[in-house]
Amino acid sequence: MVAALTLQEKVALVTGQGMAFPGLPEDMQAPAVGSIENKVEGAAGATVAVPRLGIPSLVLADGPAGVRISPTRKDAPGRSFHATGFPIGTALASSWDRSLVQQVGAAIGDEAAAYGIDVMLTPAQNIHRYPLGGRNYEYYAEDPVVSGQIAAALVKGLQERGVGASMKHYAVNNHEWNRSTINVKVDERALREIYLKGFEITAREGQPWTVMSSYNKLNGPYTSESHWLLTDVLRAQWGYQGVVMTDWFGGHDAVAQMQAGNELLMPGTGKQRKAIVAAVEGGELDPAILDRNVTRVLELVLRSRAFKQLPHSDQPDLKASAVLSRTAGAQGMVLLKNEGGALPLPAAARLALLGHGSYEMIAGGTGSGDVNKAYIVGLPQGLGKAGFSNADGLEARYARYISQQKAKLPKTEWYLPQQRIPELELAPAQLQRLAAEQDVAVVTIGRGSGEFVDRSTEGDFSLTAGERQLLQQTADAFHARGKKLVVVLNIGGVIETASWGALADAILLAWQPGQEAGDAIADVLSGAVNPSGKLTDTFALQLSDYPASKGFPGKELLGPDPDAPSPFGIRTAREAEVSYDDGIWVGYRHFDTHKVAVAYPFGFGLSYTTFDYDGLTVDASSEGRVRASVRITNTGPTAGREVAQVYVSAPHGALQKPAQELRAFGKTDLLQPGQSQVLQFEIDARDLASFDSSRGRWVVDPGSYSLRVGASSRDIRVQQAFEKEQESEYAP
C-alpha cells in the first residue's frame with residue numbers, strides 16, 4: 001500500500017484534514033487530498049482519505065468526559081445528537097475502581113461507535129503537580145500509579161468496543177499558561193518516576209492505539225519534536241506500537257516531528273504539507289522515515305471502524321449510559337467530614353438549600369473536556385426525588401437572582417470557564433427563620449474549570465468573602481438551634497478547606513460528577529449509596545505548602561515567538577520556561593516525607609461504616625514479584641466498600657527516598673456488616689526501584705523494605721517488613 005501512494009498522498013496521510021475556522025490564517029489551511037466529507041459535525045478532526053486505494057478518513061473526537069460532538073447538524077434539522085456527560089477524570093480516579101472506569105470507557109466507546117467515531121482523544125493523564133493547573137479536572141491524580149492504572153482501565157473499555165484511545169498529553173503538560181511555547185525543565189529522575197511513569201503504565205497495560213504529544217517543550221525541544229521522548233522512551237523502552245499524533249497545531253517544525261516519530265500532525269495544515277514535501281524532495285527528510293510514519297498511520301486505519309465499514313446508528317443508548325454516569329458520579333465522591341452523624345440525612349428532612357451553587361450544578365469542565373449533554377440533573381431535583389424538601393420560595397428566589405446576575409456578566413468565549421457570580425446575601429434574620437423552620441442546611445460551593453487558563457488563588461482556590469460570610473452566618477443560625485450544616489463541594493480541583501472546615505458538620509466532595517449530578521449527590525447524602533471515594537490529591541493547608549508554588553507557572557522570556565501562531569486567540573505565544581525544582585517531591589511524597597501538616601491526606605475518605613484490616617501476608621521470595629494479601633472486614637452498621645492502599649517504604653541508598661510510595665491498590669466489593677474480603681496484590685520487583693540518573697538505570701537497593709497497607713497515606717493499618725538481599729538494576 002505504501003508503495004502505491006504518491007508523495008503527496010503520503011504527506012496527506014500524516015497530516016490531518018485541517019480545520020475550517022473563521023479567521024484561520026491561509027498557511028494553516030489544509031486542502032484535502034481525495035474525497036473528504038464532514039462525517040461527524042463537531043468532532044475534533046479527521047484524517048485524510050485516499051479513495052482510489054480504499055483508504056478511508058478516520059474521525060477523531062474529544063474527550064475525557066464523554067463524546068464531544070455538535071448536538072445539531074445542518075443535514076438533520078430538528079434532530080439532536082447528544083452524548084452522555086460522565087464525571088470528570090479526577091472524580092473517576094477518586095473511585096479507585098478500575099472495573100467501574102473500564103465500564104465507563106466501554107460506554108463512551110459505544111456512544112462513539114454509534115456516531116461513527118474511530119478514535120477518542122482520551123484519557124488525559126498528566127500529573128496534578130499543583131492545584132492551580134487549569135486542566136487538572138481532566139487528569140486523575142498527583143500519583144502516577146493511580147493515574148496510570150485508571151487510564152489503562154479507560155483505554156481497555158474503549159478499545160474493547162473497537163474505538164481507539166489516545167493517551168495524552170505526553171508529557172509534562174501540567175499547566176495552561178503559555179502551554180504552546182513553554183520549556184519545562186525537569187531532571188530525569190523526576191521525569192521518570194513522576195511524570196512519565198503513569199504514561200508508561202498505560203502504554204504497557206492498555207496499549208492505546210494512539211498517543212497525543214503535548215504542546216510544551218521538554219528540556220529544550222518541543223515534545224512533538226523529541227526523538228528521545230517519542231522514539232527512545234515510548235517505543236524502544238516501553239514497546240509502544242501505535243501512532244503518535246500532535247495536539248492541535250502543536251509543535252513548530254513538521255519535518256522535525258516526522259523525524260522524531262510524531263507520525264500524525266493534527267489537525268493538519270497546508271504549511272506542514274509543503275514543508276514535508278520540500279524536505280523529501282530536497283533530501284532533508286529520508287523517504288524511509290516518511291514511509292515508516294505512513295505505515296503506522298495505515299496500521300491505525302486497518303484497526304478502525306471506518307476501514308471495517310462498520311455501521312453506525314447515530315442513536316446511542318443514552319439511558320443506559322446515564323445510569324452508569326450516576327453510579328460513577330456517586331462512587332467517586334469523597335466524604336471529607338461527618339461529625340455527629342450529620343450524614344446520611346434524616347429521611348424526609350426539610351432542607352435549606354443555600355448558595356447559588358445549589359441551583360447551578362457544574363457537571364464538568366469546558367474546552368475539549370466538555371460534552372454536549374441533553375440535560376444536567378439539578379440538586380433540588382435530585383434531593384426531591386430522594387424524598388427531601390426545600391424551603392418554600394428559596395429555589396425561585398435563587399433562580400431570579402442567578403438570572404439577574406448572569407445578565408451583568410461580560411460575555412466570555414465558549415471555550416473558557418464561565419465567570420462566577422457573587423453569592424446572594426441573606427439577612428441574618430432570614431437565616432434564623434430558615435433555621436427555625438428547616439431541619440438541615442445544605443450549602444453548595446461551586447467551581448468551574450476548563451482548558452486554556454489556569455486557576456487563580458483568590459476566589460477560586462480560596463473562598464470568596466461572600467462564600468465565607470454565607471457559611472459563617474448559616475453555621476451560626478443552624479448551630480444555635482442544634483441543627484447541622486452540610487457543605488457540598490461541586491468543584492474540579494483542590495480548594496482550601498482549613499480556614500472554614502470547622503463551620504461544617506459534614507463536607508461532601510462531589511467533584512464535577514457528570515450530567516446526573518443532582519441524583520448522584522442525593523444518592524450519597526441520603527445514604528442510598530455509602531461513600532467510598534478516596535482523595536487522589538493531598539489537600540494542603542495553604543497553597544504555599546506545595547513545593548511547586550515557588551515557581552508556578554514559570555517566567556516569560558523576552559519577546560514573542562513569531563513562529564508560534566495563535567489562530568483562535570486561545571494560545572499565548574510568548575516564550576517561557578519553568579523549572580521543576582520540586583523534583584520528585586510532588587504531593588504526598590513531599591507532605592509525608594517532610595511531615596507537613598495537611599487538611600486531608602492523599603487517599604483519605606470517610607464512610608458511613610467502619611473497616612478493619614488484618615491478616616497481612618507478604619511474600620518476597622520470588623525474585624520478580626512481591627505478593628501480598630490483606631483481609632478487610634466491615635465492622636460497622638452499614639454495607640460499604642473500602643479502598644486499600646499499598647505503600648512501600650524503601651531503604652536509602654545513594655538516592656534520597658520518599659517516606660513511602662503507593663505501589664498498588666484495590667477496592668472491595670460491597671461488604672455487608674460483619675462481612676470480610678481478602679484483597680490480593682502483586683508488585684513487580686522493578687516497581688520498587690528508583691531511577692538513578694547517573695547510571696541511567698532503575699535501581700532496587702538492598703536492605704529492609706516495609707509494605708504498608710492503609711486507608712490513606714497517613715492511616716496505615718497493617719505493615720510488614722521484607723528484605724532485598726542484593727541490589728538489582730533494570731534498564732529503562
Side-chain angles (χ1 to χ4, degrees), residues 90 93-94 96 127-131 136 140-149 189-190 192-195 197-198 334 336 493-494 496-498 501 509 533-550 580-606 613 616 618 626 628 630 642-653 655-666 681 683 687-691 701 703-722:
T90 306
S94 296
W96 298 65
I127 291 295
H128 292 170
R129 176 176 178 249
Y130 188 57
N136 281 2
Y140 295 128
E142 69 184 27
D143 179 82
V145 171
V146 177
S147 179
Q149 294 195 14
R189 182 186 179 192
R192 295 277 191 174
E193 293 187 17
I194 306 296
Y195 299 103
K197 189 65 175 178
V334 184
L336 295 178
V494 174
E496 187 272 329
T497 60
L509 174 56
K534 302 274 189 172
L535 294 179
T536 61
D537 290 296
T538 304
F539 275 51
L541 295 177
Q542 54 195 355
L543 265 179
S544 59
D545 289 340
Y546 295 93
S549 66
K550 296 179 178 64
Y580 283 18
D581 294 332
D582 47 336
I584 64 168
W585 306 112
V586 175
Y588 71 89
R589 286 169 169 81
H590 160 69
F591 291 102
D592 292 353
T593 303
H594 301 115
K595 297 181 171 56
V596 179
V598 300
Y600 299 105
F602 176 82
F604 176 83
L606 300 174
Y613 292 57
L616 175 64
V618 179
V626 176
V630 67
E642 174 69 338
V643 175
Q645 303 153 45
V646 180
Y647 299 87
V648 173
S649 296
H652 288 284
L655 301 175
Q656 188 179 8
K657 306 290 180 70
Q660 60 184 7
E661 295 184 272
L662 185 77
R663 295 307 189 197
F665 61 87
F681 310 95
I683 303 171
D687 290 331
L688 301 175
S690 299
F691 191 81
D701 290 313
S704 180
Y705 289 74
S706 177
L707 188 143
R708 303 152 56 84
V709 186
S712 80
S713 72
R714 295 197 176 182
D715 185 10
I716 301 301
R717 304 294 185 86
V718 288
Q719 57 187 306
Q720 185 173 321
F722 64 93

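When a residue number appears, it is its place in the shown sequence, counting from 1. Reckoned from all heavy atoms, side chains included, excluding hydrogens, waters and symmetry mates.
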Asker: So do Phe722 and Leu688 actually touch side chain to side chain, heavy atoms under 4.5 Å?
Answerer: yes
Asker: Just by distance, do the side chain of His128 and the backbone of Thr538 share a donor-acceptor pair under 3.5 Å?
Answerer: no
Asker: Angle between ring planes, Tyr546 versus Tyr130, binned at 30° and 60°: parallel, tilted or perpendicular?
Answerer: perpendicular
Asker: At what distance, to the nearest 0.5 angstrom, does CZ of Phe681 lie from CZ of Arg663?
Answerer: 15.0 Å
Asker: Can you list, pair by pair, the side-chain donor-acceptor contacts under 3.5 Å of residues 644-652, counting residues two or more places apart and other chains?
Answerer:
residue	atom	partner	partner atom	Å
Gln645	OE1	Tyr647	OH	2.6
Gln645	NE2	Gly603	O	3.0
Gln645	NE2	Ala711	O	3.0
Tyr647	OH	Ser713	N	3.3
Ser649	OG	Ala659	O	2.7
His652	ND1	Lys657	N	3.1

Asker: Mind checking the CD1-CD spacing from Ile584 to Glu193? Nearest 0.5 Å is all I need.
Answerer: 5.5 Å
Asker: Looking at Phe539 and Val494, what are the two nearest heavy atoms and their distance?
Answerer: CE1-CG2, 3.6 Å
Asker: About how many Å separate CD1 of Ile194 and CZ of Arg189, when rounded to the nearest 0.5 Å?
Answerer: 8.5 Å
Asker: Which heavy atom of Tyr600 sits nearest a heavy atom of Leu336, and at what distance?
Answerer: CE2-O, 3.3 Å
Asker: Write down the atom of Trp585, the atom of Thr593, and the distance for their closest heavy-atom approach.
Answerer: CZ3-OG1, 3.6 Å
Asker: Judged by atom type as modelled, is there a donor-acceptor pair below 3.5 Å linking the side chain of Gln719 to the main-chain atoms of Ser706?
Answerer: no
Asker: Specify the closest pair of heavy atoms between Asp582 and Pro547, including all atoms of both residues, with the distance to one decimal.
Answerer: CB-CB, 3.6 Å
Asker: Glu496 side chain to Ala498 main-chain N or O, any donor-acceptor pair under 3.5 Å?
Answerer: yes
Asker: Looking at Leu662, is its backbone amide N or carbonyl O close enough to the side chain of Tyr588 to form a donor-acceptor pair, meaning the two atoms are under 3.5 Å apart?
Answerer: yes
Asker: What verdict does the side-chain contact (heavy atoms from CB on, under 4.5 Å) test give for Tyr580 and Val586, after you've listed the backbone C-alpha separation in whole Å, the side-chain angles of each residue and the deciding distance to 0.1 Å?
Answerer: CA-CA 10 Å; Tyr580 283 18; Val586 175; over 6 Å; no
Asker: If you look only at pairs with a residue in residues 534-543, which of them pass as a salt bridge (charged side-chain N to carboxylate O under 4.0 Å, His left out), with sequence neighbours excluded?
Answerer: Lys534-Glu642
Asker: Answer with yes or no after comparing the ring centroid distance for Phe591 and Phe602 against a 6.0 Å cut-off, counting only values under it.
Answerer: no
Asker: Show the nearest heavy-atom pair for residues Phe665 and Val146, with the distance to one decimal.
Answerer: CE2-CA, 4.0 Å
Asker: For the pair Leu616 and Leu707, evaluate side-chain contact (heavy atoms from CB on, under 4.5 Å) and give the outcome as yes or no after the intermediate values.
Answerer: CA-CA 10 Å; Leu616 175 64; Leu707 188 143; 4.1 Å; yes
Asker: Within the side chain of Ser147, is there an N or O that forms a donor-acceptor pair under 3.5 Å with the backbone of Asp143?
Answerer: no
Asker: Identify the two heavy atoms, one from Pro131 and one from Asn136, that lie closest to each other, and give their separation to 0.1 Å.
Answerer: O-ND2, 3.7 Å
Asker: Holding to side-chain contact (heavy atoms from CB on, under 4.5 Å), I want the full list of residues that pass it with Pro144, two or more places apart in sequence or in another chain.
Answerer: Ile127, Lys197, Arg589
Asker: Given side-chain contact (heavy atoms from CB on, under 4.5 Å), test Val145 with Asp687 step by step and report yes or no.
Answerer: CA-CA 10 Å; Val145 171; Asp687 290 331; over 6 Å; no
